[in-house]
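The next block holds one structure in the form of structure tokens; read it before the comments.
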There are 2 protein chains.
Amino acid sequence: MSEVFKALADPTRRRVLQLLRERPMTAGELAGHFSSSKATLSAHFSVLREAGLVAADKRGVTITYSLRLSVLEDALLAFAETFGIGLAGAGALKEESGR
Amino acid sequence: MSEVFKALADPTRRRVLQLLRERPMTAGELAGHFSSSKATLSAHFSVLREAGLVAADKRGVTITYSLRLSVLEDALLAFAETFGIGLAGAGALKEESGR
DNA sequence: CTCATATTTCGGTATTTAGCTAAATATCGA
DNA sequence: TCGATATTTAGCTAAATACCGAAATATGAG
């Protein structure tokens, strides 16, 4: 739980997740959207990976990252629930992910 | 946004929010629930205050902290929305806070 | 005014984090 | 095998964070 929130606390990482919302992208492709060095971005990917928020798929020499929306969703849901904040919309999401 | 997630990234601070969910509590009362020093807790309160997640009400020599649920709610909602995670339950919450 | 109480601020240390460049690793094509 | 490409790892610095004990601040009681 802490790891997810820690990952979300950085704007760069949140933007990475946003980019991956559209489609999976390679590390280099993602890095192209930022001004930081690739090494720095790589560290951000690592944080996201360890939080379980992205999946890394190595294909040849490139690594494609994809968003693991369910992990993000579950974390937010679990946390919000303890505060009585119902996230009813998650149901609709579940349907969508089920197709 | 970053400040809210950063505040939520620490287990102690999340527990403080949980405690405040029941009722407002003074700084000392809150500190009694943790093994860290009061100085350390005070710093945590400061982070929560700066993130807007709690309100501090100074009454005489004691400071009573209370949860600002709407801020937490709005932050989670806004973020979740950008990921297509609808938080329909927030509507019901709004009604509740309206009484 | 003085004392006790509640809380924060100060000064310090240790750990973590974000960033960089340079070097290492791995894979592909010729 | 050699070279090019994609990505990570290593080594470093600067800034931020968490923690402590001690000192400062503010208030209310007497």
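All chains are named by letter (A, B, ...) in the order of the sequence lines, taking the proteins before the strands, and each is independently numbered beginning at 1. Side chains are part of it too, since the values below use all heavy atoms of this structure and drop only hydrogens, waters and symmetry mates.
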Under the ring pair (Phe, Tyr, Trp, His ring centres under 6.0 Å) rule, what pairs show up with a residue in residues 12-37 of chain A, not counting sequence neighbours?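 Sorted pair list comes back empty.
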
Partners of Arg59(A) by salt bridge (Lys or Arg N to Asp or Glu O under 4.0 Å), sequence neighbours excluded?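 Scan of Arg59(A) (salt bridge (Lys or Arg N to Asp or Glu O under 4.0 Å), adjacent residues dropped) gives none.
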
Residues two or more places apart in sequence or in another chain: which of them pass salt bridge (Lys or Arg N to Asp or Glu O under 4.0 Å) with Glu3(B)?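 Not a single residue meets the salt bridge (Lys or Arg N to Asp or Glu O under 4.0 Å) criterion with Glu3(B).
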
What does Phe34(B) touch in the nucleic acid at a heavy-atom separation under 4.0 angstrom: a base, only the sugar-phosphate, or nothing?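 No contact.
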
What does Ser42(B) touch in the nucleic acid at a heavy-atom separation under 4.0 angstrom: a base, only the sugar-phosphate, or nothing?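 Touches a base.
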
Residue-level proximity of residues 21-30 of chain B to DNA chain C when a heavy atom falls under 4.0 Å: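 Contacts with DNA chain C under 4.0 Å: Thr26(B), Ala27(B), Gly28(B).
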
Could you list the residues that satisfy side chain to side chain contact (heavy atoms under 4.5 Å, CB included) with Arg68(B), not counting sequence neighbours?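 With neighbours one apart ignored, the set is Ala55(B), Val71(B).
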
Set of residues satisfying side chain to side chain contact (heavy atoms under 4.5 Å, CB included) with respect to Gln18(A), sequence neighbours excluded: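 If we apply the side chain to side chain contact (heavy atoms under 4.5 Å, CB included) test to Gln18(A), skipping adjacent residues, the hits are Arg21(A), Thr82(B), Phe83(B).
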
Per-nucleotide protein contact string for nucleotides 24-30 of chain C (B base, S sugar-phosphate only, - none; heavy atom under 4.0 Å): --BSS--

Set of residues satisfying side-chain hydrogen bond (donor to acceptor under 3.5 Å, both in side chains) with respect to Ser2(B), sequence neighbours excluded: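 Ser2(B) satisfies side-chain hydrogen bond (donor to acceptor under 3.5 Å, both in side chains) with Arg14(A) once adjacent residues are dropped.
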
Over all heavy atoms of both residues, which pair between Leu53(A) and Ala7(A) is shortest? Give the atoms and the distance, please.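 That closest heavy-atom pairing would be CD1-CB, 3.9 Å.
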
Taking Arg13(A) for its side chain and Lys6(A) for its backbone only, find out whether a donor-acceptor pair lies under 3.5 Å.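 Looks like yes, one N/O pair under 3.5 Å.
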
dC19(D) C1' sits how many Å from Phe45(B) CZ, rounded?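 In whole Å, dC19(D) C1' and Phe45(B) CZ are 15 Å from each other.
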
Interatomic distance where CG belongs to Asp57(B) and P belongs to dT8(C) [whole Å]: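 Rounded to whole Å, this separation is 13 Å.
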
Between the protein and nucleotides 15-20 of chain C, which nitrogen or oxygen pairs are less than 3.5 angstrom apart?
unit_1: dA18(C); atom_1: OP1; unit_2: Arg13(A); atom_2: NH1; d: 3.1
unit_1: dA18(C); atom_1: OP1; unit_2: Arg13(A); atom_2: NH2; d: 2.9
unit_1: dA18(C); atom_1: OP2; unit_2: Arg13(A); atom_2: NH1; d: 3.4
unit_1: dG19(C); atom_1: OP2; unit_2: His44(A); atom_2: NE2; d: 2.4
unit_1: dC20(C); atom_1: OP2; unit_2: Ser37(A); atom_2: N; d: 2.8
unit_1: dC20(C); atom_1: OP2; unit_2: Ser37(A); atom_2: OG; d: 3.1
unit_1: dC20(C); atom_1: OP2; unit_2: Thr40(A); atom_2: OG1; d: 2.6

Look at the side-chain heavy atoms of Ile, Leu, Val, Met, Phe, Trp and Tyr, link any pair under 4.5 Å apart, and say whether Met1(B) and Val47(A) land in one connected group.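 Result: no, two separate clusters.
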
Under 4.0 Å between a side-chain N or O of Tyr65(A) and OP1 or OP2 of dA6(D)?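 No, outside the criterion.
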
Output every pair passing side-chain hydrogen bond (donor to acceptor under 3.5 Å, both in side chains) with a member in residues 34-43 of chain B, not counting sequence neighbours, ordered by first then second residue.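 Checked against side-chain hydrogen bond (donor to acceptor under 3.5 Å, both in side chains) - neighbours excluded - the pairs reaching residues 34-43 of chain B are Ser37(B)-Thr40(B).
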
Among all residues two or more places apart in sequence or in another chain, which pass the ring pair (Phe, Tyr, Trp, His ring centres under 6.0 Å) test with Phe45(A)?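 Ring pair (Phe, Tyr, Trp, His ring centres under 6.0 Å) list for Phe45(A), sorted by chain: Tyr65(A).
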
